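Structure record follows, encoded as structure tokens.
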Amino acid sequence: MNTPGVDLGSIITESAETNNEKPRSIWGLTALGVTAGAVVALCIGAAPFISPALRKFCLPFIPATEVQVRNVISALPHRGGKLADIGSGDGRIVIEAARNGFIASGYELNPWLVFYSKVKAFRLGLSSKATFVRRDLWKTDFQKYENVVIFGVDQMMPRLEEKLAQELHLGSHVVACRFRFPNWKPVKVIGHGIDKVWLYNIPQSFTDLSVGKSTNH
């Protein structure tokens, strides 16, 4: 029996519409949550690779190009021994150096890049020749290295020039990428534009041999 004044058909229709809206609302919220989570994860994952580390001299991570990597290796022909890459980033210079016979070490402050580099070296079977350390370059002594590669910024090159002059031995080679040292004279320049690298030979690169202690080694 129908209740007077009540349209059962209307109630049933409204109830069905309400029930249909609930799943759509739930799916909408779920999709929104997944999207937001993906954005947050992307930001967290990408931040270490695109943000500069917090340090006195800002060193943003800018991957070396393939041409630049080749120029670095070609600047050190017939060389071997230990090589240090200052600001090793994602490890591509260190790994390529290891492939060419060097015992290479990368120094980098960004822990995510250090971890990424270690995993990459392990997957390539180069862990014994390509190692990576999270360490401040200003607190590191480079005297044990015969070869040093630096991807720096213009503001840090004068201070780094003094530091390496104090620590490196006679005959050590230094390859500067993107920015040259202000006082040293390069023995070779390879490449053009952003791929250009400068090769320095200690102490021949000194314009003033009174700089540093390298001549005492």
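Just so it is clear, the model here is predicted, and its values are computed rather than measured.
- A heavy-atom distance below 4.5 Å is not found between the side chains of L83 and I103.
- Screening residues 72-87 for side-chain hydrogen bond (donor to acceptor under 3.5 Å, both in side chains) gives R79-N147, R79-H173 as the qualifying pairs, with residues at least two apart or on separate chains.
- Grouping the Ile, Leu, Val, Met, Phe, Trp and Tyr side chains by contacts below 4.5 angstrom, directly or via other members, places V114 apart from L109.
- Rounding to the nearest 0.5 angstrom, the gap separating the CH2 atom in W112 from the CG atom in D90 is 16.0 Å.
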Please lay out, stage by stage, how I150 and L160 fare under the test side-chain contact (heavy atoms from CB on, under 4.5 Å).
CA-CA 9 Å; I150 171 65; L160 182 61; 3.5 Å; yes
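- No side-chain heavy atom of Y107 sits less than 4.5 Å from a side-chain heavy atom of D136.
- Within the 4.5 Å cutoff, side-chain heavy atoms of L164 are placed close to those of F181.
- A salt bridge links R99 with E96: the distance from a Lys NZ or Arg NE/NH1/NH2 to an Asp or Glu carboxylate oxygen falls below 4.0 Å.
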Apply side-chain contact (heavy atoms from CB on, under 4.5 Å) to V148 and V175, showing your working.
CA-CA 6 Å; V148 174; V175 180; over 6 Å; no
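- A cation-pi contact, defined as under 6.0 Å to the ring centre and within 45° of the axis, links R159 to W138.
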The test is side-chain contact (heavy atoms from CB on, under 4.5 Å); show your working for F142 and V174 and say whether it passes.
CA-CA 11 Å; F142 295 100; V174 181; over 6 Å; no
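- Under a hydrophobic clustering in which Ile, Leu, Val, Met, Phe, Trp and Tyr are joined whenever their side-chain heavy atoms come within less than 4.5 Å, directly or via other members, I93 and I194 fall into different clusters.
- With hydrogens and angles disregarded, no donor-acceptor distance shorter than 3.5 Å links the side chain of K188 to the backbone of Y200.
- Between I73 and R70, the closest side-chain pair of non-hydrogen atoms is not below 4.5 Å.
- Not a single donor-acceptor pair under 3.5 Å links the side chain of Q68 to the backbone N or O of C177.
- Residues E108 and N110 bring no donor and acceptor atom of their side chains to less than 3.5 Å of each other.
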Anything under 3.5 Å between a donor and an acceptor, one on a side chain of residues 126-133, the other on a protein residue two or more places apart or in another chain? List them.
unit_1 : atom_1 : unit_2 : atom_2 : d
S127   : OG     : F122   : N      : 3.4
T131   : OG1    : S105   : OG     : 3.2

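- The NZ atom of K144 sits 11.5 Å away from atom NE2 of H169, with the distance rounded to the nearest 0.5 Å.
- Distance check, rounded to the nearest 0.5 Å: CZ of R134 to NZ of K118 gives 11.0 Å.
- Here the shortest heavy-atom pairing between A104 and A97 reads CB-CB, 4.0 Å.
- Under the 3.5 Å distance criterion, the side-chain polar atoms of R92 are matched with a main-chain donor or acceptor of A64.
- Hydrophobic clustering (ILVMFWY, side-chain heavy atoms < 4.5 Å, transitive): V149 and I190 are in one cluster.
- Between the Q143 side chain and the L168 main chain, no donor and acceptor come within less than 3.5 Å of each other.
- Not one N or O on the side chain of E146 forms a donor-acceptor pair closer than 3.5 Å with the backbone of G171.
- Summarising the geometry of V94 relative to S88, their closest heavy-atom pair is CG2-CB, 4.2 Å, with the distance given to 0.1 Å.
- Under the 4.5 Å side-chain heavy-atom criterion for ILVMFWY residues, no single connected hydrophobic cluster contains both V67 and L199.
- Expressed to the nearest 0.5 Å, how far CH2 of W198 lies from CH2 of W184 amounts to 14.5 Å.
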As a quick check of understanding, evaluate side-chain contact (heavy atoms from CB on, under 4.5 Å) for I95 and L124, giving each step before the final call.
CA-CA 9 Å; I95 288 174; L124 293 173; 3.8 Å; yes
